[in-house]
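So you know, we letter chains A, B, ... as the sequences are listed, proteins then strands, and number each from 1.
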There are 2 protein chains.
Amino acid sequence: MPSADLGAATPDGRAAVTIETVLDAALTLFAERGYHGTALSEIAEALGIRTPSLYNHMQSKQQLLETIVRRTLDDVLVDFETAVAGFDDPVEQLRSATRVYALRHATHRREALVVNRDTTSLPEPQLTTMRERRRDHERAIRTIITQGAERGQFNVGNAGLASFAILEMSVSIARWFREDGPLTAEQVADEYADFALRIVRYRP
Amino acid sequence: MPSADLGAATPDGRAAVTIETVLDAALTLFAERGYHGTALSEIAEALGIRTPSLYNHMQSKQQLLETIVRRTLDDVLVDFETAVAGFDDPVEQLRSATRVYALRHATHRREALVVNRDTTSLPEPQLTTMRERRRDHERAIRTIITQGAERGQFNVGNAGLASFAILEMSVSIARWFREDGPLTAEQVADEYADFALRIVRYRP
DNA sequence: GCACATGACTTATGAGCGTTAGCTAGTCCC
DNA sequence: GGGACTAGCTAACGCTCATAAGTCATGTGC
């Protein structure tokens with residue numbers, strides 16, 4: 001239970017409520033029922049407080065969603081950049097980027113589900129920002145594929161199609177992965193990295 | 001605009017409202033804003049009537065969602081069975097099944113978005129039914145892959161992982177495909193069928 | 001040991017939701 | 001031409017929502 005470790009306990013023994021524990025509870029419930037399907041009263045109940053007390057820690061329900069989405073997309077981009085930074089070879093870049101992306105979707109399932117389902121519920125200035133961030137990521141993958149194709153390492157008709165397929169098959173790991181399943185997150189990520197290289201027809 | 005062709009016009013010139021036009025309007029809005037994010041008043045407005053008049057054609061909002069999901073999943077299974085029926089070879093079965101599935105997600109984007117996003121909003125007896133229907137489909141794909149592997153046509157570590165990847169990358173076509181884009185639905189479907197065969201390491 | 005900040009509480013408000021009831025004006029069939 | 005049916009309407013319901021305002025106990029720093 002991650003929420004138990006996020007803050008100190010109050011003297012009377014109850015877990016301390018902070019913006020982080022609120023975000024964590026919201027994340028769990030948004031992932032389960034969706035943003036519009038989750039009531040603030042349910043978030044409050046999960047924390048053992050009344051609904052209005054939530055406003056001691058947050059500004060609005062919408063802001064919770066925005067924080068969750070923004071943080072997640074930021075983390076994804078950082079992940080991607082560090083994953084790619086160490087390599088010059090498009091083959092290893094694509095393998096590493098896919099591995100890290102797949103791994104993240106196995107280990108951060110809640111975040112992935114919320115971002116994929118409820119980003120469109122954000123109001124308009126932010127919605128465009130978030131969409132651009134995702135598009136940046138897609139384009140970066142596409143560029144790697146194009147470079148690999150130019151060097152003759154990959155053989156792919158349409159780089160955009162391949163990058164979509166690679167990203168989206170990884171995203172959906174969050175839909176079915178279970179920690180107590182037969183495969184570890186690392187094993188799944190390694191397999192998916194292989195899938196990616198096969199999709200772009202990498203011939204060693 | 002498909003809704004224009006769904007029914008006859010009334011004598012006063014307005015498009016006739018039927019359960020089919022209601023479903024069509026609901027489908028569009030659910031796909032756009034999600035089930036919980038769509039108000040009945042918005043569906044009514046799209047049809048040019050007041051909210052309570054909807055109840056002349058339907059029983060409840062939830063029933064609209066259930067009908068949409070059930071019809072879509074039924075169609076997918078029929079699609080799959082006819083796609084596979086003509087072939088004995090797992091290679092051609094997987095190619096045909098993926099092609100049809102991908103094609104459907106390019107040509108029935110709204111249905112795909114609603115099913116993938118809002119099936120979980122169904123009440124419990126139906127939710128399980130729908131989930132089982134999806135699992136049946138996944139298992140059928142997995143069986144094809146396993147058979148191909150047994151015949152030495154495919155070389156895949158984990159058939160389940162491959163079937164998930166194939167299905168989910170196809171599903172997400174609904175997220176980005178545009179009718180007026182550079183590729184036709186058929187072209188995308190053919191590419192994705194190739195992706196599927198590469199994922200399972202088919203060597204002709 | 002008092003002052004203050006914190007963070008819970010209760011209570012309330014206004015908006016919007018899905019839904020029901022009851023009415024009315026057309027249309028179709030006999 | 002009159003009764004049944006269809007499909008719209010207004011009004012109002014009961015509920016839940018997000019949010020606001022004010023109160024009160026508690027723990028910490030001076």
- Query: Quick one: is B:His57 getting a side-chain N or O under 4.0 Å of the D:dG8 phosphate, OP1 or OP2?
  - Reply: yes
- Query: What residues, two or more places apart in sequence or in another chain, satisfy side chain to side chain contact (heavy atoms under 4.5 Å, CB included) together with B:Asp194?
  - Reply: B:Arg95, B:Arg198
- Task: Tell me whether the OP1 or OP2 atom of C:dT10 has a side-chain N or O from A:Arg50 closer than 4.0 Å.
- Result: yes
- Query: CG of B:Asn56 versus C1' of C:dA21: gap in Å, rounded?
  - Reply: 12 Å
- Note on the structure: Here the distance between atom P of C:dT13 and atom CG of A:Leu40, to the nearest Å, is 20 Å
- Message: Can you measure B:Ile49 atom CD1 to C:dG18 atom P for me and round it to whole angstrom units?
- Response: 14 Å
- Message: Rounded to whole Å, please give me the gap between NE2 in A:His36 and P in D:dA18.
- Response: 11 Å
- Query: Is the closest side-chain donor-acceptor distance between A:Thr72 and A:Arg133 under 3.5 Å?
  - Reply: no
- Check whether any side-chain nitrogen or oxygen of B:Ser53 sits under 4.0 Å from OP1 or OP2 of D:dA7, and answer yes or no. no
- Query: Within this structure, what is the CZ-to-P distance between A:Arg33 and D:dT16, rounded to whole angstrom?
  - Reply: 15 Å
- Query: Which part of the nucleic acid, if any, lies within contact of A:Ser41, taking any heavy atom under 4.0 Å across all strands shown: a base, the sugar-phosphate backbone alone, or nothing?
  - Reply: sugar-phosphate
- Could you give all pairs that pass the side chain to side chain donor-acceptor pair (under 3.5 Å) test and reach residues 44-69 of chain B, with sequence neighbours left out? B:Glu66-B:Gln126
Result block: side-chain N/O donor-acceptor pairs under 3.5 angstrom for residues 153-161 of chain B, not counting sequence neighbours:
unit_1	atom_1	unit_2	atom_2	d
B:Gln153	NE2	B:Asp89	OD1	2.8
B:Asn158	OD1	B:Gly160	N	2.9
B:Asn158	OD1	B:Leu161	N	3.1

- Message: Just to be sure I understand the rule, does A:Ser60 reach a base, reach only the sugar-phosphate, or reach nothing, if contact means heavy atoms closer than 4.0 Å?
- Response: sugar-phosphate
- Item | Whole-Å gap separating C1' (D:dA20) and CD (A:Gln59) | 15 Å
- Item | Salt bridge A:Arg33-A:Glu42, side-chain N to carboxylate O under 4.0 Å | yes
- Item | Any pair counted as ring-ring contact (aromatic ring centres under 6.0 Å, His included), so long as it reaches residues 116-140 of chain A, sequence neighbours left out | A:Phe80-A:His137, A:Tyr101-A:His137
- Nearest whole angstrom, please: distance from the P of D:dT10 to the CG of B:Leu54. 14 Å
- What pairs with B:Arg139 under side-chain hydrogen bond (donor to acceptor under 3.5 Å, both in side chains), at least two apart in sequence or on another chain? none
- Message: If you only use heavy atoms from C-beta on, which nucleotide in D:dG8, C:dA8, D:dA18 is closest to the side chain of A:Ala39?
- Response: D:dA18
Pairwise N/O distances under 3.5 Å, protein to nucleotides 12-15 of chain D:
none

- Task: Round to a whole Å and report the spacing from OH of A:Tyr55 to P of C:dA12.
- Result: 19 Å
